[in-house]
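Below is one structure; the comments refer to it alone.
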Amino acid sequence: MASRKPPNQEMVQVDSSDKSASPFWRNRPSNPRNISSKAADSNMVVGASYSHTDILKFDSLSLTPSSSRPHTPPSLSRGNTRNTSTPPPRFNSALSSPPKRPTYPQFMSQTNSDWGAGHEDYDDDEDDAERYFYNENADEDEFGLPSISSMRREAKKRIPNKKTNDPGGGSSKGNYGMSSMLTPERQPGRARANSSDIAEERGAPIYPTAMQSEGKILRPQYKDILRDPANSLHLINHPPIPQNATPKEAEAHSTRISRINKFRRILQASSIPLSDLRDSSWSGIPEEVRAMSWQLLLGYLPTSSERRVATLERKRKAYLDGVRQAFERGGYASNASNGRTSMTSQARIRGLDEALWHQISIDVPRTSPHLQLYSYEATQRSLERILYVWAIRHPASGYVQGINDLVTPFWQVFLGSYITDNNVESGMDPGQLPKPVLDAVEADSFWCLTKLLDGIQDNYIYAQPGIVRQVSALRDLITRIDAGLAKHLESEGVEFMQFSFRWMNCLLMREVSVKNTIRMWDTYMAEEQGFSEFHLYVCAAFLVKWSEQLVKMDFQETMMFLQALPTRDWTEKDVELLLSEAFIWQSLFRGSSAHLRNSNGVT
């Protein structure tokens with residue numbers, strides 16, 4: 001049977017009579033003539049727009065211009081097959097690498113290979129793609145969103161007796177009980193595409209099923225913690241020192257207990273002194289008191305204990321009301337002949353900005369995909385609501401790719417405050433927790449994300465002027481700190497915008513782990529302008545850290561190295577060293593115009 005190109009898809013609501021598709025997509029018949037005219041360019045790089053490599057100035061690298069709506073990567077017309085044995089083109093540059101050295105396009109195609117999922121063959125008699133319409137009786141969750149679980153159940157019924165292996169090699173379920181019936185087969189030849197957006201090709205989302213917790217259980221006193229986070233302070237237990245502990249380990253254990261007790265004294269005060277809390281938080285916050293400390297440092301919680309309970313109730317209720325309002329149904333007109341909603345009234349069915357929701361639904365599954373916590377449906381739906389409500393409340397910027405990363409530290413820290421084991425990255429499905437807990441985690445994450453972004457909103461408005469200024473300041477700062485490195489990058493044609501844009505846009509979250517990011521944010525929140533000013537000096541210290549390696553590299557090697565920095569094995573000590581170096585640079589150059597002087601001596 002000949003291979004067929006799957007139908008293109010776009011986002012709309014789904015009629016309850018047919019729930020086999022993802023709730024936000026409808027199939028659209030494709031034109032074979034258009035397909036053949038959009039044959040994949042071998043120079044295209046998967047994920048270019050999302051990873052910001054589309055601003056790289058390669059002579060032989062062609063990237064499609066961004067549009068108002070993401071595009072689906074083109075496939076070859078039916079009957080044609082991709083020649084996967086043809087090597088990617090090499091750069092025609094005087095700075096070309098030795099023959100055995102991988103080129104930058106090869107490197108990018110390898111690092112983005114996980115996005116190259118293909119599709120199974122379609123039957124020839126399915127030429128006309130189905131069109132799905134929203135039905136007000138569809139199975140939905142409490143916020144009016146189509147139920148993903150029911151969609152998956154219906155999808156399974158539509159493809160009986162078809163068994164595929166899951167990505168881990170199991171028969172029908174993987175290590176997490178993941179159903180694989182809807183998992184598309186991977187085509188190893190699909191390493192390049194016309195856009196980073198492959199979400200339009202996916203079927204119904206697949207999530208890990210609930211599993212038994214691995215010692216991570218809900219605290220019995222969670223209701224008291226919900227009412228007032230200070231109630232968790234008297235629940236802190238200090239484990240005894242192991243009998244075989246070395247003197248160094250015993251000293252570290254004693255120091256940690258002393259720090260926890262110091263934070264407890266500060267947080268239990270009737271009026272919390274923020275100056276003392278900032279001073280103590282700069283060198284790191286113990287995980288037992290981190291959630292409450294963050295909320296105080298960001299100004300979400302009031303310092304007065306008398307106002308804390310009422311403020312939390314009011315803010316959480318305001319967020320949940322905002323979610324319901326954002327997703328509530330509106331009026332719509334029905335087609336009298338078939339009872340279905342017309343296309344022109346789709347947007348009035350509920351208060352959704354379809355293009356905005358479409359982009360968020362693409363980015364959320366990409367958020368920390370290596371962590372099990374963010375693969376659960378409860379987590380992803382929560383992040384979707386947070387990002388959507390924030391975007392519609394901030395029309396000047398709206399949703400920008402990268403903001404999805406910034407919400408994860410809050411969600412992870414606040415969730416851990418209700419669990420006996422604060423490490424919630426794996427071993428627990430948040431969907432098993434009581435609804436009031438998830439509502440509180442979601443609302444607190446939303447308001448703290450809002451507080452953070454209020455200080456750096458220039459990074460996300462039109463043309464992102466805040467990031468442009470920071471990148472320019474970073475270049476000038478590196479010129480003062482490490483002139484040799486700055487001259488080498490300039491001689492190789494490496495623009496700071498090509499690699500540091502992502503550092504500013506995502507606050508280095510793509511370069512270090514979430515755990516290390518959380519430790520960095522302890523210090524950021526202790527600083528008066530941590531996310532807007534101190535982060536610049538952290539990026540400077542981060543770049544200078546690799547100076548010895550970078551000065552020996554040409555353009556391609558430099559870009560490949562900066563796109564995949566060796567920080568996988570970084571520990572908290574590495575982050576603290578980076579923060580200390582950043583503090584030195586800030587002490588030397590903040591408030592001084594010397595490092596802002598350009599090559600012509602003009603400030």
**Message:** Please check: side-chain N/O of Gln380 versus main-chain N/O of Tyr374, any donor-acceptor pairing under 3.5 Å?
**Reply:** yes
**Request:** Check salt bridge (charged side-chain N to carboxylate O under 4.0 Å, His left out) between Glu581 and all other residues, then give those that pass, not counting sequence neighbours.
**Result:** none
**Asked** What residues, two or more places apart in sequence or in another chain, satisfy side chain to side chain donor-acceptor pair (under 3.5 Å) together with Glu425?
**Response** Gln412
**Prompt:** What are the two closest non-hydrogen atoms of Leu373 and Pro430, and how far apart are they?
**Reply:** CD1-CG, 3.5 Å
**Fill in**
Distance col, row Phe583:CZ vs Leu588:CG, nearest 0.5 angstrom, shows 10.0 Å
**Prompt:** Taking it one step at a time, do Asp439 and Tyr319 satisfy side-chain contact (heavy atoms from CB on, under 4.5 Å)?
**Reply:** CA-CA 9 Å; Asp439 287 346; Tyr319 169 73; over 6 Å; no
**Message:** Is it true that, when you exclude Tyr300 itself, more than 12 heavy atoms of the residues, nucleotides or ligands shown sit nearer than 6.0 Å to its OH?
**Reply:** yes
**Item:** Check against side-chain contact (heavy atoms from CB on, under 4.5 Å), Arg366 and Gln401
**Value:** CA-CA 11 Å; Arg366 297 171 174 171; Gln401 288 177 321; 3.9 Å; yes
**Item:** From CD (Gln432) to CG (Leu438), nearest 0.5 Å
**Value:** 10.5 Å
**Asked** Is a side-chain donor or acceptor of His488 paired with a backbone partner of Leu550 at a separation under 3.5 angstrom?
**Response** yes
**Prompt:** Got Ile467 and Phe501 here, is their nearest side-chain heavy-atom distance under 4.5 Å?
**Reply:** yes
**Request:** First locate atom CE of Met525, then atom OG of Ser293, and finally report the distance between them rounded to the nearest 0.5 Å.
**Result:** 10.0 Å
**Heavy-atom pair of closest approach, residues Met504 and Val471** = CG-CG2, 4.1 Å
**Asked** Which atom pair, heavy atoms only, marks the closest approach of Thr303 to Leu296?
**Response** CA-CD2, 4.2 Å
Quiz: residues 513-523 side-chain donor-acceptor pairs under 3.5 angstrom, not counting sequence neighbours:
{"from": "Ser513", "atom 1": "OG", "to": "Asn516", "atom 2": "N", "distance (Å)": "3.2"}
{"from": "Ser513", "atom 1": "OG", "to": "Asn516", "atom 2": "ND2", "distance (Å)": "3.2"}
{"from": "Asn516", "atom 1": "ND2", "to": "Trp570", "atom 2": "O", "distance (Å)": "3.3"}
{"from": "Thr517", "atom 1": "OG1", "to": "Ser513", "atom 2": "O", "distance (Å)": "2.9"}
{"from": "Arg519", "atom 1": "NE", "to": "Glu576", "atom 2": "OE2", "distance (Å)": "3.4"}
{"from": "Arg519", "atom 1": "NH1", "to": "Thr523", "atom 2": "OG1", "distance (Å)": "2.9"}
{"from": "Arg519", "atom 1": "NH2", "to": "Trp282", "atom 2": "O", "distance (Å)": "3.4"}
{"from": "Arg519", "atom 1": "NH2", "to": "Ser283", "atom 2": "O", "distance (Å)": "3.2"}
{"from": "Asp522", "atom 1": "OD1", "to": "Arg290", "atom 2": "NE", "distance (Å)": "3.1"}
{"from": "Asp522", "atom 1": "OD1", "to": "Trp294", "atom 2": "NE1", "distance (Å)": "2.8"}
{"from": "Asp522", "atom 1": "OD2", "to": "Ile285", "atom 2": "N", "distance (Å)": "3.1"}
{"from": "Asp522", "atom 1": "OD2", "to": "Arg290", "atom 2": "NE", "distance (Å)": "3.3"}
{"from": "Asp522", "atom 1": "OD2", "to": "Arg290", "atom 2": "NH2", "distance (Å)": "2.8"}
{"from": "Thr523", "atom 1": "OG1", "to": "Trp282", "atom 2": "O", "distance (Å)": "2.7"}

**Prompt:** For Ser547, which residues count as a side chain to side chain donor-acceptor pair (under 3.5 Å) partner, sequence neighbours excluded?
**Reply:** Asp482
**Prompt:** Do Glu533 and Tyr537 have side-chain atoms, one donor and one acceptor, less than 3.5 Å apart?
**Reply:** no
**Prompt:** Does the side chain of Tyr460 come within less than 4.5 Å of Asn505's, by heavy atoms?
**Reply:** yes
**Asked** Quick one: does Ser254's side chain have a donor or acceptor within less than 3.5 Å of a partner on Glu251's backbone?
**Response** no
**Between OH on residue Tyr524 and CG on residue Leu298, distance to nearest 0.5 Å** = 14.0 Å
**Message:** Has Ser417 got a side-chain atom pairing as donor or acceptor with Phe414's backbone, closer than 3.5 angstrom?
**Reply:** yes
**Prompt:** Taking the inter-plane angle between the rings of Phe499 and Phe496 on a 0 to 90° scale, is it parallel (under 30°), tilted (30 to 60°) or perpendicular (over 60°)?
**Reply:** tilted
**Message:** Quick one, Ile403 and Val407 - any side-chain contact, counting heavy atoms below 4.5 Å?
**Reply:** no
**Prompt:** Is the shortest heavy-atom distance from the side chain of Thr311 to the side chain of Leu301 under 4.5 Å?
**Reply:** no
**Item:** Side-chain touch Ser500/Leu543, heavy atoms, less than 4.5 angstrom
**Value:** no
**Asked** Closest approach of Ser280 and Arg259, non-hydrogen atoms and distance?
**Response** O-NH2, 3.1 Å
**salt bridge (Lys or Arg N to Asp or Glu O under 4.0 Å) partners of residues 445-454, not counting sequence neighbours, each pair once** = none
**Prompt:** Strictly by modelled atom types, are Asn261 and Ser258 linked by a side-chain donor-acceptor pair under 3.5 Å?
**Reply:** no
**Asked** Quick check: are there more than 12 heavy atoms from other residues, nucleotides or ligands sitting under 6.0 Å from CD of Gln549?
**Response** yes
**Item:** Any Phe263 side-chain heavy atom under 4.5 Å of Ser281 side chain
**Value:** yes
**Prompt:** Counting N and O atoms only, with roles assigned by atom type, does the side chain of Asn404 sit under 3.5 Å from a partner on the main chain of Gly402, one being a donor and the other an acceptor?
**Reply:** yes
**Prompt:** Around Glu490, counting heavy atoms of other residues, nucleotides and ligands shown, do more than 12 lie under 6.0 Å from its CD?
**Reply:** no
**Request:** Step by step, work out the side-chain contact (heavy atoms from CB on, under 4.5 Å) result for Thr367 and Thr379.
**Result:** CA-CA 11 Å; Thr367 304; Thr379 307; over 6 Å; no
**Prompt:** Does the Ser472 side chain pair with the main chain of Val468, one donor and one acceptor, at a distance under 3.5 Å?
**Reply:** no
**Prompt:** So, does Glu557 use its side chain to make a donor-acceptor pair with the main chain of Asp554 at under 3.5 Å?
**Reply:** yes
**Message:** Evaluate Arg308 against Met292 for side-chain contact (heavy atoms from CB on, under 4.5 Å), listing each step before the verdict.
**Reply:** CA-CA 11 Å; Arg308 189 180 302 141; Met292 183 177 179; 3.7 Å; yes
**Request:** Name all residues meeting the side chain to side chain donor-acceptor pair (under 3.5 Å) criterion together with Asp276; count only those two or more places apart in sequence or in a different chain, and write none if there are none.
**Result:** none
**Prompt:** Does Thr420 use its side chain to pair, donor to acceptor, with the backbone of Ile217 at less than 3.5 Å?
**Reply:** yes
**Asked** Can any side-chain N or O of Asn231 pair as donor or acceptor with the backbone N or O of Asp224 at less than 3.5 Å?
**Response** yes
**Message:** Asp574 vs Thr571, test: side-chain hydrogen bond (donor to acceptor under 3.5 Å, both in side chains). Steps then yes/no.
**Reply:** CA-CA 5 Å; Asp574 295 300; Thr571 64; 3.3 Å; yes
**Interatomic distance, Leu578 atom CG to Thr567 atom OG1 [nearest 0.5 angstrom]** = 10.5 Å
**Fill in**
Taken to the nearest 0.5 Å, the spacing of Arg264 CZ from Ile266 CD1 works out to 13.0 Å
**Request:** Tell me yes or no: between the side chains of Ser382 and Glu442, is some donor less than 3.5 Å from an acceptor?
**Result:** yes
**salt bridge (Lys or Arg N to Asp or Glu O under 4.0 Å) between Arg256 and Glu288, intermediate numbers included** = CA-CA 11 Å; Arg256 187 174 186 279; Glu288 293 86 349; 2.8 Å; yes
**Message:** Would the distance check show the side chain of His253 and the main-chain N or O of His238 forming a donor-acceptor pair, the cut-off being under 3.5 Å?
**Reply:** no
**Request:** Check Leu474 against Cys539 and note the closest heavy-atom contact, atom names and distance.
**Result:** CD1-C, 4.0 Å
**Request:** Answer whether the closest heavy-atom distance between the side chains of Leu449 and Ser445 falls below 4.5 Å.
**Result:** no
**Prompt:** If you take all heavy atoms of Ser397 and Gln457, which pair is closest and at what distance?
**Reply:** OG-NE2, 3.6 Å
